[in-house]
Amino acid sequence: MKTREAEAALPRAAGAGTALLVSIIALMTWLALLALGASVALGAIARERQAGLAGRWTVEIAAEASRNKPSELRARDAAQILRGVPGIVRAEPLGRDEIRRLLSPWLGNDAVVDELPLPGLVDVVVDPHKPPDVAELRKRLAEVPGAVIDDHRGWVVEIVRLARAAEAVAIAVFVMVGAIALLAIVAAARARLAIHAHEVELLHVIGAADRWIARQFQVSALAVALRGGLSGLILAATTIGLTAWGFQLPVDRLLPLLGPAWSIVAVALAVPAAAAFAATLAARWASMRALRRLP
Amino acid sequence: MVYDPSHMIRFEEVGFRYGPGPEVLRDVDLDLAPGSFHWLVGASGAGKSTLLKLLHLADRPTRGRVEAFGEDLSVLKRRHLPKLRRQIGMVFQDFRLLDHLSVFDNVALPLRLARTRDSSLRKDVGEMLDWVGLDGVANADPRTLSGGQQQRVAIARAVVARPLLLLADEPTGSVDEATGTRILRLFQELHRMGTTVLVATHNELLIERFPHPVLRLAEGRLTIRATPADAGGVS
């Protein structure tokens, strides 16, 4: 005898309406996961850039600033001055080949580049906890013609600010998508209550408590949300995989920035789980609200 | 909550109206004694269905006092009503079976609401189906049964949890005479076992064949009142 089936005192959610709801939740989960992934990735990249550049400064020696001394020699002088300053861990002038390599994206690798006057560069590593005073360094470097110190703070701040803004937008998208999914579940629960008004009335009259009837809707919403959520997870994983492959993203370098592998999997699974939990609560809220109107 | 078996249902000057409409029940006084059997008669629109609705606690009166099993409904909290409703078995004219459930699961529903253990539930439902003569159709879809069989499933569902009060709204209205007689015999048997029974009907022949005190509703008023003394006993 089908005793287990009687746990579902209302007909199981099925048909075109349910398929539509599963699809909506799948798309919402997909969007939420992409937004969450984008938010976490942008945050991680911003932090990496910030940390990576926090201890690296550059001194640039303009090629045309002095006709008496080549920029390469003036870079050595600048490095010599910097080495004695407290807070500077290392100051190394870059060789001509290294500078050519850095400039090759703009100048190319033609032989004619050898004829061009190249600037001098000094790579400076500073103590991130006790960095030297930039104004003081500028004073000291004034004796080297064409020397300009760049602590990267200006553009790093801009990039980090941009990444944070994008992260905030991604979080807002995530929250909005969650809210829309909840509204869809509430609307579905209400529709189901209307469709099964006769069954609900019978259960009410033969002594079913509101919580018992509401549980019928909760179970149905949970099943729909789990189906939709897991489909959305698979879709999101496929989208991210195809994007990484299509744009040749360095996944092996980017993934560790997001955290340990287990935490990525946990967060990915948490989204459909949270969707299912929220759907259950939304269905309970909608059904209890309607049931309380009965005598 | 333990209910006082010496009190069944008592109405005192009960009135009921739907929304701002006229009163469909007026000054109804009624005292159903435990173990009694009553007929409820009245023309269409006299208020029978409304009275049954109040009797099975599906609604509250707009005025007057209703007491069920010793509990005053005007002060009883809504959350206590389901347990009180489970003391009442209701047989509807249109059966109201759940089509997506088997016959077995339809009958088992009140036991599940009362959180009866599965082993006990199987035994009780089996016995009940046997009692109404439907032991061979436990797994059937209710829609495949005849009207008489569906009504017997509805009766089995109404009494499987051993309610203190059984209400029936035109239980023979949709079945042939032989099936109607069979259904009434089941009610008689329940009455003999101590269940309080109230049956709404239009069928005067049934009342003649199964004589019990008659409650008559006309224009919302209960014109012939039953007292505990004249309604008791077994016919």
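So you know, we letter chains A, B, ... as the sequences are listed, proteins then strands, and number each from 1.
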Residue pair [X] / [Y]: nearest heavy atoms and the distance that separates them:
X	Y	value
B:P82	A:A209	CG-CA, 3.9 Å
B:L113	A:G207	CD1-C, 3.9 Å
A:E199	B:L98	CG-CD2, 3.4 Å
B:R78	A:L291	NH2-O, 2.7 Å
A:R215	B:R115	NH2-NH2, 4.3 Å
A:L202	B:R96	CD2-O, 3.3 Å

Can you tell me if [X] has over 12 outside heavy atoms packed within less than 6.0 Å of its [atom1]?
X	atom1	result
B:Y18	OH	yes
A:R211	CZ	no
A:Q248	CD	no

Handout entry: chain A contact via B:R79 - side chain, backbone, both or neither, heavy atoms under 4.5 Å
Key =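 Neither part.
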
Practice task
Would you mind checking which part of A:H198 comes under 4.5 Å of any heavy atom in chain B, side chain (CB onward), backbone (N, CA, C, O), both or neither?
Solution key: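 Neither; nothing under 4.5 Å.
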
Exercise for the section: Quick one: do A:L203 and B:L109 satisfy side chain to side chain contact (heavy atoms under 4.5 Å, CB included)? Show the steps, please. Expected result: CA-CA 9 Å; A:L203 292 171; B:L109 208 48; 3.6 Å; yes

